[in-house]
2 protein chains.
Amino acid sequence: MALFLSTFVNRIDKKGRTSVPATFRAALAAQAFQGVVAYRSFTNACVEGCGMDFMERLSDGAQGLDAFSAEQEDLSALIFADARQLPWDPEGRISLPEDILAHAGITDAVAFVGKGQTFQIWQPEAYRAVEAEIRARALASRPTLPLRPKIPAGG
Amino acid sequence: MALFLSTFVNRIDKKGRTSVPATFRAALAAQAFQGVVAYRSFTNACVEGCGMDFMERLSDGAQGLDAFSAEQEDLSALIFADARQLPWDPEGRISLPEDILAHAGITDAVAFVGKGQTFQIWQPEAYRAVEAEIRARALASRPTLPLRPKIPAGG
DNA sequence: TGGGATATCATGGGAAATCATGGGAGTCAA
DNA sequence: TTGACTCCCATGATTTCCCATGATATCCCA
(Lines give C-alpha, C1' and ligand atoms only; values in the text may rest on other atoms or scores of the structure.)
Protein backbone atom coordinates (compact mmCIF):
# COMPACT_ATOMS: atom_id res chain seq x y z
CA MET A 1 0.00 0.00 0.00
CA ALA A 2 1.21 3.49 -0.81
CA LEU A 3 1.96 5.78 2.10
CA PHE A 4 2.45 9.50 2.35
CA LEU A 5 5.56 10.17 4.39
CA SER A 6 7.66 13.18 5.31
CA THR A 7 7.01 16.88 4.91
CA PHE A 8 7.81 18.94 1.83
CA VAL A 9 7.59 22.69 1.39
CA ASN A 10 7.02 23.90 -2.17
CA ARG A 11 6.35 27.30 -3.70
CA ILE A 12 3.29 28.60 -5.43
CA ASP A 13 4.00 30.38 -8.70
CA LYS A 14 2.22 33.35 -10.25
CA LYS A 15 -0.35 31.08 -11.87
CA GLY A 16 -1.17 29.46 -8.55
CA ARG A 17 0.58 26.21 -9.32
CA THR A 18 2.55 24.12 -6.85
CA SER A 19 4.46 20.88 -7.33
CA VAL A 20 3.11 17.81 -5.60
CA PRO A 21 6.12 16.10 -4.01
CA ALA A 22 7.43 13.39 -6.28
CA THR A 23 7.08 10.68 -3.64
CA PHE A 24 3.42 11.62 -3.14
CA ARG A 25 2.84 11.38 -6.86
CA ALA A 26 4.53 8.00 -6.89
CA ALA A 27 2.19 6.85 -4.14
CA LEU A 28 -0.78 7.74 -6.34
CA ALA A 29 0.69 6.65 -9.66
CA ALA A 30 -1.30 3.40 -9.84
CA GLN A 31 -4.68 5.13 -9.60
CA ALA A 32 -7.01 5.93 -12.43
CA PHE A 33 -7.35 9.59 -11.51
CA GLN A 34 -3.95 11.21 -11.90
CA GLY A 35 -4.10 13.88 -9.28
CA VAL A 36 -5.07 14.52 -5.69
CA VAL A 37 -8.35 15.10 -3.90
CA ALA A 38 -8.44 17.98 -1.44
CA TYR A 39 -11.02 19.28 1.03
CA ARG A 40 -10.96 21.74 3.86
CA SER A 41 -10.28 20.27 7.27
CA PHE A 42 -13.14 20.51 9.75
CA THR A 43 -10.86 20.77 12.71
CA ASN A 44 -7.71 22.58 11.58
CA ALA A 45 -6.71 25.51 9.45
CA CYS A 46 -5.39 23.15 6.83
CA VAL A 47 -6.43 21.14 3.81
CA GLU A 48 -6.89 17.39 3.82
CA GLY A 49 -5.46 15.58 0.83
CA CYS A 50 -5.74 12.05 -0.44
CA GLY A 51 -6.09 9.96 -3.55
CA MET A 52 -9.30 9.13 -5.32
CA ASP A 53 -9.18 5.58 -3.96
CA PHE A 54 -9.54 6.98 -0.47
CA MET A 55 -12.66 8.87 -1.52
CA GLU A 56 -14.06 5.71 -3.05
CA ARG A 57 -13.55 3.90 0.23
CA LEU A 58 -15.39 6.73 1.93
CA SER A 59 -18.15 6.36 -0.60
CA ASP A 60 -18.34 2.60 -0.06
CA GLY A 61 -18.65 3.20 3.64
CA ALA A 62 -21.39 5.74 3.10
CA GLN A 63 -23.43 3.35 0.97
CA GLY A 64 -23.89 0.82 3.75
CA LEU A 65 -26.06 3.12 5.76
CA ASP A 66 -26.61 0.80 8.69
CA ALA A 67 -23.08 1.46 9.76
CA PHE A 68 -23.55 5.17 9.38
CA SER A 69 -25.23 7.48 11.81
CA ALA A 70 -26.98 10.61 10.66
CA GLU A 71 -24.01 12.65 11.79
CA GLN A 72 -21.61 10.48 9.86
CA GLU A 73 -23.76 10.76 6.80
CA ASP A 74 -23.75 14.52 7.12
CA LEU A 75 -20.03 14.55 7.54
CA SER A 76 -19.29 12.43 4.50
CA ALA A 77 -21.75 14.50 2.50
CA LEU A 78 -19.86 17.62 3.47
CA ILE A 79 -16.60 16.04 2.47
CA PHE A 80 -17.90 15.04 -0.94
CA ALA A 81 -19.43 18.45 -1.47
CA ASP A 82 -16.25 20.22 -0.47
CA ALA A 83 -13.72 17.93 -2.14
CA ARG A 84 -11.99 19.03 -5.34
CA GLN A 85 -10.36 16.87 -7.88
CA LEU A 86 -7.02 18.47 -8.62
CA PRO A 87 -5.34 16.74 -11.54
CA TRP A 88 -1.66 17.42 -11.91
CA ASP A 89 -0.09 18.69 -15.08
CA PRO A 90 2.68 16.83 -16.95
CA GLU A 91 5.17 18.33 -14.51
CA GLY A 92 3.26 17.13 -11.48
CA ARG A 93 1.79 20.47 -10.43
CA ILE A 94 -1.68 21.25 -9.13
CA SER A 95 -3.56 24.52 -8.73
CA LEU A 96 -5.15 25.01 -5.33
CA PRO A 97 -8.49 26.87 -5.54
CA GLU A 98 -8.90 30.26 -3.96
CA ASP A 99 -11.15 29.25 -1.04
CA ILE A 100 -8.89 26.36 -0.19
CA LEU A 101 -5.92 28.68 0.02
CA ALA A 102 -7.92 31.08 2.15
CA HIS A 103 -9.02 28.37 4.57
CA ALA A 104 -5.41 27.39 5.26
CA GLY A 105 -4.01 30.91 5.09
CA ILE A 106 -1.71 29.92 2.24
CA THR A 107 -0.16 32.63 0.09
CA ASP A 108 3.15 31.81 -1.58
CA ALA A 109 4.27 28.44 -0.21
CA VAL A 110 2.69 25.22 1.03
CA ALA A 111 3.78 22.35 3.24
CA PHE A 112 2.76 18.85 2.19
CA VAL A 113 2.59 16.81 5.39
CA GLY A 114 2.45 13.03 5.14
CA LYS A 115 -0.16 11.36 7.37
CA GLY A 116 0.11 7.77 6.23
CA GLN A 117 -2.86 7.01 4.02
CA THR A 118 -3.62 10.68 3.60
CA PHE A 119 -1.73 13.92 3.81
CA GLN A 120 -2.37 17.52 4.76
CA ILE A 121 -1.54 20.83 3.17
CA TRP A 122 -0.53 23.66 5.50
CA GLN A 123 0.75 27.15 5.43
CA PRO A 124 4.39 26.31 6.30
CA GLU A 125 4.69 28.57 9.34
CA ALA A 126 1.37 27.41 10.70
CA TYR A 127 2.44 23.83 10.45
CA ARG A 128 5.70 24.43 12.22
CA ALA A 129 3.79 25.87 15.15
CA VAL A 130 1.29 23.03 15.26
CA GLU A 131 4.01 20.45 14.96
CA ALA A 132 5.89 21.86 17.90
CA GLU A 133 2.71 21.80 19.92
CA ILE A 134 1.93 18.18 19.03
CA ARG A 135 5.48 17.19 19.78
CA ALA A 136 5.31 18.77 23.19
CA ARG A 137 2.05 17.01 23.97
CA ALA A 138 3.47 13.68 22.83
CA LEU A 139 6.43 14.09 25.09
CA ALA A 140 4.18 14.72 28.04
CA SER A 141 1.68 11.93 27.52
CA ARG A 142 3.78 9.20 25.89
CA PRO A 143 1.09 7.75 23.66
CA THR A 144 1.51 4.33 22.11
CA LEU A 145 0.63 3.15 18.63
CA PRO A 146 -1.25 -0.12 18.50
CA LEU A 147 0.32 -2.36 15.92
CA ARG A 148 -1.76 -5.06 14.45
CA PRO A 149 0.10 -8.31 13.95
CA LYS A 150 1.60 -8.79 10.53
CA ILE A 151 -0.31 -11.28 8.47
CA PRO A 152 2.26 -13.72 7.19
CA ALA A 153 2.29 -13.82 3.42
CA GLY A 154 2.03 -17.33 2.13
CA GLY A 155 5.56 -18.21 1.17
CA MET B 1 -15.83 4.14 -10.16
CA ALA B 2 -16.64 7.73 -10.95
CA LEU B 3 -17.58 10.03 -8.09
CA PHE B 4 -19.34 13.35 -7.96
CA LEU B 5 -17.18 15.69 -5.93
CA SER B 6 -17.13 19.37 -5.09
CA THR B 7 -19.74 22.08 -5.54
CA PHE B 8 -20.22 24.19 -8.66
CA VAL B 9 -22.50 27.17 -9.13
CA ASN B 10 -23.62 27.80 -12.71
CA ARG B 11 -26.07 30.22 -14.27
CA ILE B 12 -29.32 29.58 -16.03
CA ASP B 13 -29.66 31.47 -19.29
CA LYS B 14 -32.78 32.95 -20.85
CA LYS B 15 -33.56 29.66 -22.52
CA GLY B 16 -33.47 27.80 -19.24
CA ARG B 17 -30.18 26.08 -19.94
CA THR B 18 -27.41 25.43 -17.42
CA SER B 19 -24.01 23.82 -17.86
CA VAL B 20 -23.45 20.52 -16.11
CA PRO B 21 -19.99 20.80 -14.50
CA ALA B 22 -17.35 19.30 -16.74
CA THR B 23 -16.14 16.88 -14.06
CA PHE B 24 -19.69 15.60 -13.56
CA ARG B 25 -20.01 15.03 -17.28
CA ALA B 26 -16.71 13.21 -17.22
CA ALA B 27 -18.01 10.98 -14.44
CA LEU B 28 -20.94 10.02 -16.66
CA ALA B 29 -19.07 9.88 -19.93
CA ALA B 30 -18.83 6.09 -20.00
CA GLN B 31 -22.58 5.60 -19.80
CA ALA B 32 -24.97 4.88 -22.62
CA PHE B 33 -27.34 7.74 -21.78
CA GLN B 34 -25.46 11.00 -22.27
CA GLY B 35 -27.13 13.14 -19.68
CA VAL B 36 -28.31 13.18 -16.09
CA VAL B 37 -31.32 11.79 -14.26
CA ALA B 38 -33.08 14.17 -11.89
CA TYR B 39 -35.95 13.81 -9.41
CA ARG B 40 -37.32 15.95 -6.63
CA SER B 41 -35.92 15.23 -3.18
CA PHE B 42 -38.41 13.90 -0.62
CA THR B 43 -36.60 15.43 2.29
CA ASN B 44 -35.09 18.69 1.08
CA ALA B 45 -35.93 21.61 -1.12
CA CYS B 46 -33.52 20.33 -3.72
CA VAL B 47 -33.23 18.05 -6.69
CA GLU B 48 -31.49 14.70 -6.60
CA GLY B 49 -29.30 13.96 -9.57
CA CYS B 50 -27.44 10.89 -10.74
CA GLY B 51 -26.50 8.89 -13.78
CA MET B 52 -28.64 6.29 -15.45
CA ASP B 53 -26.48 3.55 -13.95
CA PHE B 54 -27.54 4.59 -10.47
CA MET B 55 -31.19 4.31 -11.48
CA GLU B 56 -30.51 0.86 -12.81
CA ARG B 57 -28.97 -0.12 -9.51
CA LEU B 58 -32.05 1.22 -7.75
CA SER B 59 -34.14 -0.91 -10.02
CA ASP B 60 -32.00 -4.01 -9.45
CA GLY B 61 -32.08 -3.46 -5.74
CA ALA B 62 -28.47 -4.41 -6.03
CA GLN B 63 -26.82 -1.67 -4.12
CA GLY B 64 -28.83 1.46 -3.89
CA LEU B 65 -31.71 0.06 -1.92
CA ASP B 66 -30.11 0.08 1.46
CA ALA B 67 -29.99 3.80 0.96
CA PHE B 68 -33.72 3.78 1.66
CA SER B 69 -35.27 2.32 4.73
CA ALA B 70 -38.25 0.05 5.16
CA GLU B 71 -40.61 1.47 2.57
CA GLN B 72 -38.05 1.05 -0.14
CA GLU B 73 -40.49 -0.18 -2.71
CA ASP B 74 -42.82 2.75 -2.41
CA LEU B 75 -40.02 5.19 -2.39
CA SER B 76 -38.24 3.84 -5.40
CA ALA B 77 -41.55 3.72 -7.23
CA LEU B 78 -42.04 7.39 -6.49
CA ILE B 79 -38.53 8.09 -7.61
CA PHE B 80 -39.00 6.33 -10.91
CA ALA B 81 -42.27 8.16 -11.47
CA ASP B 82 -40.70 11.52 -10.79
CA ALA B 83 -37.35 11.03 -12.47
CA ARG B 84 -36.55 12.79 -15.75
CA GLN B 85 -33.88 12.01 -18.23
CA LEU B 86 -32.14 15.25 -19.07
CA PRO B 87 -29.78 14.82 -22.01
CA TRP B 88 -27.14 17.47 -22.39
CA ASP B 89 -26.56 19.41 -25.58
CA PRO B 90 -23.24 19.46 -27.47
CA GLU B 91 -21.98 22.09 -25.03
CA GLY B 92 -22.89 20.02 -21.98
CA ARG B 93 -25.98 21.98 -20.94
CA ILE B 94 -29.30 20.65 -19.67
CA SER B 95 -32.70 22.30 -19.28
CA LEU B 96 -34.30 21.80 -15.89
CA PRO B 97 -38.11 21.38 -16.13
CA GLU B 98 -40.39 23.95 -14.58
CA ASP B 99 -41.66 21.89 -11.64
CA ILE B 100 -38.14 20.85 -10.74
CA LEU B 101 -37.06 24.46 -10.62
CA ALA B 102 -40.08 25.36 -8.51
CA HIS B 103 -39.46 22.54 -6.04
CA ALA B 104 -35.94 23.79 -5.36
CA GLY B 105 -36.78 27.48 -5.62
CA ILE B 106 -34.29 27.92 -8.43
CA THR B 107 -34.50 31.01 -10.61
CA ASP B 108 -31.29 32.18 -12.26
CA ALA B 109 -28.47 30.04 -10.84
CA VAL B 110 -28.00 26.51 -9.56
CA ALA B 111 -25.50 24.78 -7.30
CA PHE B 112 -24.39 21.29 -8.31
CA VAL B 113 -23.38 19.58 -5.07
CA GLY B 114 -21.36 16.37 -5.22
CA LYS B 115 -22.55 13.58 -2.89
CA GLY B 116 -20.27 10.77 -3.95
CA GLN B 117 -22.24 8.41 -6.12
CA THR B 118 -24.96 10.99 -6.67
CA PHE B 119 -25.29 14.74 -6.57
CA GLN B 120 -27.87 17.35 -5.68
CA ILE B 121 -29.05 20.52 -7.35
CA TRP B 122 -29.83 23.48 -5.08
CA GLN B 123 -30.72 27.08 -5.19
CA PRO B 124 -27.24 28.43 -4.31
CA GLU B 125 -28.26 30.53 -1.30
CA ALA B 126 -30.38 27.72 0.08
CA TYR B 127 -27.49 25.34 -0.10
CA ARG B 128 -25.15 27.70 1.63
CA ALA B 129 -27.56 27.90 4.54
CA VAL B 130 -28.00 24.16 4.76
CA GLU B 131 -24.30 23.56 4.49
CA ALA B 132 -23.54 25.91 7.34
CA GLU B 133 -26.10 24.12 9.46
CA ILE B 134 -24.73 20.68 8.71
CA ARG B 135 -21.20 21.90 9.30
CA ALA B 136 -22.15 23.25 12.70
CA ARG B 137 -23.85 20.00 13.65
CA ALA B 138 -20.94 17.91 12.43
CA LEU B 139 -18.49 20.03 14.36
CA ALA B 140 -20.53 19.75 17.53
CA SER B 141 -20.90 15.98 17.53
CA ARG B 142 -17.45 15.23 16.10
CA PRO B 143 -18.42 11.98 14.47
CA THR B 144 -15.76 9.74 13.05
CA LEU B 145 -15.95 8.08 9.70
CA PRO B 146 -15.40 4.35 9.81
CA LEU B 147 -13.23 3.23 6.96
CA ARG B 148 -13.55 -0.33 6.01
CA PRO B 149 -10.18 -1.98 5.65
CA LYS B 150 -8.66 -1.73 2.25
CA ILE B 151 -9.02 -4.97 0.41
CA PRO B 152 -5.51 -5.94 -0.55
CA ALA B 153 -5.07 -6.39 -4.25
CA GLY B 154 -3.95 -9.88 -5.04
CA GLY B 155 -0.21 -9.80 -5.05
C1' DT C 1 35.88 5.43 -3.17
C1' DG C 2 35.96 9.51 -5.91
C1' DG C 3 34.39 12.28 -9.60
C1' DG C 4 32.15 13.13 -13.79
C1' DA C 5 27.94 12.06 -16.46
C1' DT C 6 23.12 11.45 -16.29
C1' DA C 7 18.47 11.60 -14.55
C1' DT C 8 15.10 13.66 -11.63
C1' DC C 9 12.85 17.41 -9.65
C1' DA C 10 10.93 21.96 -8.69
C1' DT C 11 10.15 26.07 -11.09
C1' DG C 12 9.05 29.58 -14.82
C1' DG C 13 6.56 31.37 -18.94
C1' DG C 14 4.23 31.44 -23.71
C1' DA C 15 0.82 29.12 -26.60
C1' DA C 16 -3.11 26.34 -27.25
C1' DA C 17 -7.21 23.99 -25.59
C1' DT C 18 -11.19 23.85 -22.49
C1' DC C 19 -15.09 25.63 -20.16
C1' DA C 20 -19.13 28.32 -19.07
C1' DT C 21 -21.93 31.35 -21.38
C1' DG C 22 -24.62 33.91 -24.96
C1' DG C 23 -27.42 34.20 -29.06
C1' DG C 24 -29.12 33.17 -34.04
C1' DA C 25 -31.16 29.86 -36.98
C1' DG C 26 -33.17 25.53 -38.14
C1' DT C 27 -36.44 21.67 -36.75
C1' DC C 28 -40.32 19.42 -34.92
C1' DA C 29 -44.93 19.20 -33.03
C1' DA C 30 -49.30 21.22 -31.88
C1' DT D 1 -48.13 29.72 -37.71
C1' DT D 2 -46.45 29.59 -33.19
C1' DG D 3 -43.81 27.99 -29.56
C1' DA D 4 -40.41 25.14 -27.66
C1' DC D 5 -36.46 22.76 -28.26
C1' DT D 6 -31.85 21.70 -30.66
C1' DC D 7 -27.95 22.52 -33.15
C1' DC D 8 -24.39 25.55 -34.47
C1' DC D 9 -21.31 29.39 -34.04
C1' DA D 10 -19.08 32.90 -31.20
C1' DT D 11 -16.51 34.69 -27.02
C1' DG D 12 -13.84 35.76 -22.89
C1' DA D 13 -11.64 33.86 -19.18
C1' DT D 14 -9.41 30.35 -17.25
C1' DT D 15 -6.81 26.32 -17.38
C1' DT D 16 -3.75 23.07 -19.37
C1' DC D 17 -0.05 21.72 -22.39
C1' DC D 18 4.51 22.22 -23.94
C1' DC D 19 9.15 23.79 -23.81
C1' DA D 20 12.98 25.57 -21.07
C1' DT D 21 16.16 25.95 -16.92
C1' DG D 22 18.93 25.51 -12.73
C1' DA D 23 19.71 22.74 -8.87
C1' DT D 24 19.98 18.55 -6.71
C1' DA D 25 20.34 13.73 -6.43
C1' DT D 26 21.63 9.44 -8.46
C1' DC D 27 24.23 6.43 -11.27
C1' DC D 28 28.26 4.56 -13.40
C1' DC D 29 32.85 3.56 -14.14
C1' DA D 30 37.49 3.76 -13.12
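Model, not experiment: these values are computed from the prediction. Labels below follow one simple rule: chain letters A, B, ... track the order of the sequence lines, proteins then strands, and each chain is numbered from 1.
Across the protein-nucleic acid pair, B:Asp108 atom CG and C:dT21 atom P stand 11 Å apart, rounded to whole Å. A:Phe8 places its CZ atom 12 Å from the P atom of D:dA25, with the value rounded to the nearest Å. The nearest whole Å value for the distance from the CG atom in B:Asn10 to the P atom in C:dG22 is 10 Å. If you take CD of A:Gln34 and P of D:dC17, they are 12 Å apart, rounded to a whole angstrom. For the pair A:Ile12 CD1 and C:dT11 P, the computed distance is 10 Å after rounding to whole Å. Protein atom CG of B:Leu96 is 17 Å distant from nucleotide atom P of D:dA4, rounded to whole Å. What separates NZ of B:Lys14 from P of D:dC5 is a distance of 17 Å, to the nearest Å.
In plain terms, the two heavy atoms of A:Ala109 and A:Pro124 that are nearest each other are O-CD, 3.2 Å. Nearest heavy atoms, B:Ile121 versus B:Cys46: O-CB, 3.4 Å. Here the shortest heavy-atom pairing between B:Gln85 and B:Phe33 reads CB-CZ, 3.5 Å. In terms of heavy atoms, B:Pro87 sits closest to B:Ile94 at O-CG2, 3.8 Å.
Counting heavy atoms from C-beta outward, B:Glu91 and B:Arg17 have side chains that stay 4.5 Å or more apart. Looking at A:Arg93 and A:Asp13, their side chains come closer than 4.5 Å, going by heavy atoms from C-beta outward.
Of all nucleotides listed (C:dA10, C:dA20, C:dG12), C:dG12 comes nearest to the side chain of A:Arg11.
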### Task
Classify every nucleotide of nucleotides 18-24 of chain D by which part a protein heavy atom approaches to under 4.0 Å, writing B for the base, S for the sugar-phosphate alone and - for neither, in 5'-to-3' order.
BB-----
Scan the side chains in residues 95-102 of chain B for donor-acceptor partners under 3.5 Å anywhere in the protein, sequence neighbours excluded, and list what turns up.
{"unit_1": "B:Asp99", "atom_1": "OD1", "unit_2": "B:Arg84", "atom_2": "NH1", "d": "3.0"}
{"unit_1": "B:Asp99", "atom_1": "OD2", "unit_2": "B:Arg84", "atom_2": "NH1", "d": "3.3"}
{"unit_1": "B:Asp99", "atom_1": "OD2", "unit_2": "B:Arg84", "atom_2": "NH2", "d": "2.7"}

Check residues 24-31 of chain B and write down every donor-acceptor pair under 3.5 Å in which the side-chain atom is one partner and the other belongs to a residue at least two apart or another chain.
{"unit_1": "B:Arg25", "atom_1": "NH1", "unit_2": "B:Val20", "atom_2": "O", "d": "2.6"}
{"unit_1": "B:Gln31", "atom_1": "OE1", "unit_2": "B:Met52", "atom_2": "N", "d": "3.1"}
{"unit_1": "B:Gln31", "atom_1": "OE1", "unit_2": "B:Asp53", "atom_2": "N", "d": "3.1"}
{"unit_1": "B:Gln31", "atom_1": "NE2", "unit_2": "B:Asp53", "atom_2": "OD1", "d": "2.8"}
{"unit_1": "B:Gln31", "atom_1": "NE2", "unit_2": "B:Asp53", "atom_2": "OD2", "d": "3.4"}

Only distances under 3.5 Å count here; give the side-chain donor-acceptor pairs of residues 4-12 of chain B to other protein atoms, sequence neighbours excluded, each with its distance to 0.1 Å.
{"unit_1": "B:Ser6", "atom_1": "OG", "unit_2": "A:Ala83", "atom_2": "O", "d": "3.4"}
{"unit_1": "B:Thr7", "atom_1": "OG1", "unit_2": "A:Ala81", "atom_2": "O", "d": "2.8"}
{"unit_1": "B:Asn10", "atom_1": "ND2", "unit_2": "B:Ser19", "atom_2": "O", "d": "2.7"}

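Axis angle, first five pairs versus last five pairs of the helix from C:dT1-D:dA30 to C:dA30-D:dT1: 60°, rounded to 10°.
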Just the atom pairs and distances: protein N or O near nucleotides 25-30 of chain C's N or O, under 3.5 Å.
none

Between protein and nucleotides 5-9 of chain C, what N or O pairs are separated by less than 3.5 Å?
none

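Tracing side-chain contacts under 4.5 Å through hydrophobic residues (I, L, V, M, F, W, Y), one reaches B:Ile134 starting from A:Tyr39; they form part of the same cluster.
Here ring pair (Phe, Tyr, Trp, His ring centres under 6.0 Å) pairs that include residues 126-147 of chain A, with residues two or more places apart or in two chains, are A:Trp122-A:Tyr127. Listed by first then second residue, pairs satisfying ring pair (Phe, Tyr, Trp, His ring centres under 6.0 Å) with a partner in residues 96-117 of chain B number zero, not counting sequence neighbours. Note on residues 100-118 of chain A: no pairs pass salt bridge (charged side-chain N to carboxylate O under 4.0 Å, His left out), not counting sequence neighbours.
Atom CZ of residue A:Phe80 and atom CG of residue A:Leu78 lie 11.0 Å apart, to the nearest 0.5 angstrom. Atom OG1 of B:Thr118 is separated from atom CZ of B:Phe54 by 5.5 Å, given to the nearest 0.5 angstrom.
Residues passing the side-chain contact (heavy atoms from CB on, under 4.5 Å) test with A:Arg135 are A:Glu131, sequence neighbours excluded.
Applying a 4.0 Å cut-off to non-hydrogen atoms, none of the residues of residues 98-107 of chain A approaches DNA chain C.
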